[in-house]
Structure formats: C-alpha cells, structure tokens
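Note on naming: letters A, B, ... go to the chains in the order of the sequence lines (proteins, then strands), and numbering restarts at 1 for each one.
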Amino acid sequence: MPELPEVEMVVRTLRPRLVGQNITAVETSGLALRRPIDLKMLKRACVGARVDAVRRIGKYWLIDLSTEHVLLGHLGMTGRLVFADADAPRAAHTHAVFRLARGDELRYVDPRRFGVLRAYAAADAAQSAELAVLGVDPLERGFTVRYFADSLAASRRDIKAFLMDQSRVAGLGNIYVCEALFRAGIAPTRRSDRVAKKAEALHAAVVTVLKESIENRGTSFSDYVDADGQSGGNQRSLWVYGREDDPCRRCAGRIKRRVQAGRSTFFCPRCQK
DNA sequence: AAACTCCCCTGATCGC
DNA sequence: TGCGATCAGGGGAGTT
C-alpha cells in the first residue's frame with residue numbers, strides 16, 4: 001500500500017503529535033510481522049525514551065529516541081500508525097502499542113503483517129539490513145539526473161522492474177512507477193539502458209509525481225490513512241494506475257494492463273513509447 | 001545480473 | 001446466499 005508519499009504523510013502527521021513525548025511502555029501482539037518482533041529490543045529502545053525526531057527514508061519511517069536508539073518501521077501493504085486513548089478498544093490486528101506519558105498510545109495496526117518494526121542502536125541503523133541496501137531517496141539531494149542516468153545506463157532490465165527496485169531508487173512502488181512512466185511517455189517494457197536519453201525527463205517525472213501526490217495527501221485505494229486518520233486524495237489524480245480499459249486522459253485511447261515482474265502495470269500504448 | 005516461482009497474510013470482490 | 005478463485009499499494013528467498 002504505502003509508497004513514498006503515503007509514508008511521508010504518515011511522518012508529517014506523526015511529527016507534531018509525537019516529538020517531545022515520552023514513551024512509558026511497549027506491548028506487542030506476539031504475532032510475527034514479516035519477521036518476529038523483538039520485544040526486548042523495542043523495550044530497550046523505547047521505555048523511558050523521549051521522541052527526538054521523526055523522519056523517512058524511502059518507504060521506511062524512523063523515530064529517533066533519546067536513548068540513542070532508532071525505531072524503524074515499514075508499513076508493508078496494510079500497516080497503519082494510529083493514536084488512541086489508552087482505554088479505547090484496540091482495532092483488530094493491532095500488533096504493537098507504545099504507551100505515551102501524555103496518556104494516549106501510538107498503535108501499529110497491520111492486517112496482512114507484511115510490515116517491519118525494529119529497533120536499532122542509533123549508530124547501527126544506517127548499516128541495518130533494511131537501510132543499507134537502499135538506493136537514493138528521490139526527494140533527497142543525492143537524487144541527481146547524473147546519478148539516475150548512470151544507474152539506468154548500467155541496467156539491462158526493463159524500466160518498470162528497475163524503478164520498482166528499492167536498491168536503485170528508494171520509495172517508488174507500483175502506483176508511482178506506472179504514473180511516472182506515463183508522465184515521461186516511456187513504455188514500461190523498455191530496457192533501462194535504452195531510455196538513458198530520456199533520463200532527464202523520467203527523473204523529473206518521478207519527482208513531480210511524488211510531490212504532487214504529497215500535495216494531495218497521498219493515494220488511498222482502500223486502507224491507507226495518515227497518522228491523523230485522514231485518507232489521501234491523490235487517487236483522483238491518477239492518469240493510468242487502476243484505470244484498465246478506461247479512456248486515456250491525454251489521448252482518449254484505452255488504458256492497458258499487463259503483468260510485469262508479478263505485478264500489474266497500467267499504461268497507455270499510444271502515449272508511452 | 002536478472003528473471004522466475006513461490007512465499008508471507010488478511011480481506012474485498014467477482015463469477016458461478 | 002454461499003463458496004472458491006483471484007487480486008491487492010510490500011518485500012524476500014531460492015532457483016535457473
């Protein structure tokens with residue numbers, strides 16, 4: 001579910017409600033996410049900690065704690081972070097609860113349990129299994145046209161698979177890959193090293209598609225909400241994703257769907273070459 | 001290096 | 001109305 005813009009919205013809505021707050025206790029459901037949750041490590045990091053900062057790298061959210069630890073999470077397909085009063089009933093599939101000294105709780109809810117929730121010593125986080133493999137975040141300074149063009153030139157995979165690969169560009173998922181390729185006018189099956197000439201246009205398309213979605217508070221198909229419980233509005237601005245057989249908004253031709261790397265790709269055969 | 005297949009898990013939807 | 005098949009915005013492991 002959540003790709004870079006949705007995680008960015010979660011981080012932005014967490015920040016004012018969480019920074020400066022103190023965590024007094026942590027609980028978990030006992031069920032594993034993608035991997036089992038290490039409750040001992042979560043407690044070591046969180047109990048008695050003050051939240052110093054909330055940030056994002058790719059699709060990961062990070063909470064910096066005064067204990068010199070970092071809480072790191074990924075929302076998978078269906079993960080949510082929600083605030084609730086401590087005595088409010090817990091939603092089904094609540095797998096972690098962080099009690100705040102203020103009296104309320106931050107809860108991690110994830111029906112499909114494809115998410116990640118881990119704590120690291122602050123000095124170790126960047127070298128963690130999750131973060132060490134990530135490429136450049138497309139909204140950071142390091143995402144230059146040069147970096148992107150060189151990276152494209154070095155790959156013979158199709159451009160859809162390339163853009164989905166978090167070790168190249170960290171944060172794009174199925175929706176924004178489809179949208180960025182449409183915006184740049186590039187067919188999803190083109191070989192990466194052969195779109196190098198269009199690297200600048202594709203680079204701009206990636207950045208624009210992400211920024212526009214953030215302005216629209218992210219894309220909500222079914223379950224995505226930010227930490228205030230708000231749905232996004234970007235689903236109304238999509239050009240191709242989820243629009244199989246609908247008319248292209250640019251040329252009025254028919255939007256097609258094909259399966260690539262195990263996932264649906266939506267594209268306009270007339271607008272994307 | 002990259003493509004495949006299968007896997008993790010729940011829930012919504014669709015065709016019969 | 002019920003029921004199974006299929007699909008979903010995520011990633012990873014193991015195999016060619």
Side-chain angles (χ1 to χ4, degrees), chain A residues 1-10 29-37 56-61 72-81 91-95 108-118 128-135 150-182 188-194 206 209-210 213-214 216-226 231-245 257-266:
Chain A
M1 177 237 353
E3 306 180 30
L4 186 154
E6 291 75 39
V7 181
E8 178 65 21
M9 286 311 302
V10 167
S29 66
L31 292 178
L33 303 180
R34 204 185 301 166
R35 293 180 172 182
I37 298 175
R56 180 192 60 73
I57 301 175
K59 299 177 192 172
Y60 288 93
W61 51 266
L72 176 153
H74 190 297
L75 301 173
M77 293 278 268
T78 53
R80 297 182 179 195
L81 288 165
H93 311 295
T94 298
H95 297 299
Y108 179 67
V109 181
D110 187 358
R112 289 179 75 179
R113 289 191 269 134
F114 287 173
V116 171
L117 186 61
R118 298 194 70 170
S128 63
E130 290 80 10
L131 301 184
V133 297
L134 295 184
D150 287 351
S151 192
L152 281 173
S155 173
R156 300 161 64 88
R157 310 169 71 184
D158 65 59
I159 186 66
K160 167 82 188 299
F162 175 94
L163 292 173
M164 292 288 286
D165 183 347
Q166 303 299 295
S167 73
R168 306 290 191 152
V169 180
L172 296 173
N174 213 17
I175 295 178
Y176 300 108
V177 167
C178 292
E179 294 296 309
L181 287 172
F182 175 83
T189 45
R190 292 283 303 281
R191 239 174 65 169
S192 301
D193 57 352
R194 294 191 180 155
V206 165
V209 157
L210 296 173
S213 180
I214 292 168
N216 289 327
R217 305 184 58 91
T219 302
S220 292
F221 268 99
S222 52
D223 28 25
Y224 163 72
V225 292
D226 64 27
S231 296
N234 195 62
Q235 58 279 10
R236 292 187 289 274
S237 302
L238 300 176
W239 291 83
V240 288
Y241 185 84
R243 301 192 64 245
E244 183 180 15
D245 292 338
R257 183 178 78 98
R258 67 183 303 144
V259 175
Q260 247 178 313
R263 293 200 151 80
S264 292
T265 301
F266 298 89

Original post:
Between Lys59(A) and dG11(C), is there a side-chain N or O to OP1/OP2 distance below 4.0 Å?
Top reply: yes

Subject >> side-chain N/O Arg263(A) vs dG10(C) OP1/OP2, d < 4.0 Å >> reply: yes

Original post:
Taking only N and O in the side chain of Ser264(A), is any of them less than 4.0 Å away from OP1 or OP2 of dA8(C)?
Top reply: yes

**OP:** For dC9(B), give its Watson-Crick or G-U wobble partner with both distances under 3.5 Å, or none.
**Re:** none

**OP:** Searching all strands shown, indicate the nucleotide that pairs with dG14(C) (Watson-Crick or G-U wobble; both distances under 3.5 Å).
**Re:** dC4(B)

Original post:
With Thr265(A), which of Gln260(A), Met164(A), Arg257(A) fulfils side chain to side chain contact (heavy atoms under 4.5 Å, CB included)?
Top reply: Gln260(A)

Original post:
Can a side chain N or O of Tyr241(A) be found less than 4.0 Å away from OP1 or OP2 on dG9(C)?
Top reply: yes

**OP:** Could you give the distance separating dG12(C) and dG11(B) at their P atoms, to the nearest angstrom?
**Re:** 24 Å

Original post:
OP1, OP2 of dG11(C) versus side-chain N and O of His74(A): anything below 4.0 Å?
Top reply: yes

Original post:
Is there a side-chain polar atom (N or O) of Arg257(A) under 4.0 Å from OP1 or OP2 of dA8(C)?
Top reply: yes

Original post:
For the residue pair Tyr241(A) and Phe266(A), does the interplanar ring angle fall in the parallel (under 30°), tilted (30 to 60°) or perpendicular (over 60°) class?
Top reply: perpendicular

Original post:
Can you check whether His74(A) and Tyr60(A) have ring centres sitting under 6.0 Å from each other?
Top reply: yes

Original post:
C1' atom, dG2(C) versus dC9(B): distance in rounded Å?
Top reply: 23 Å

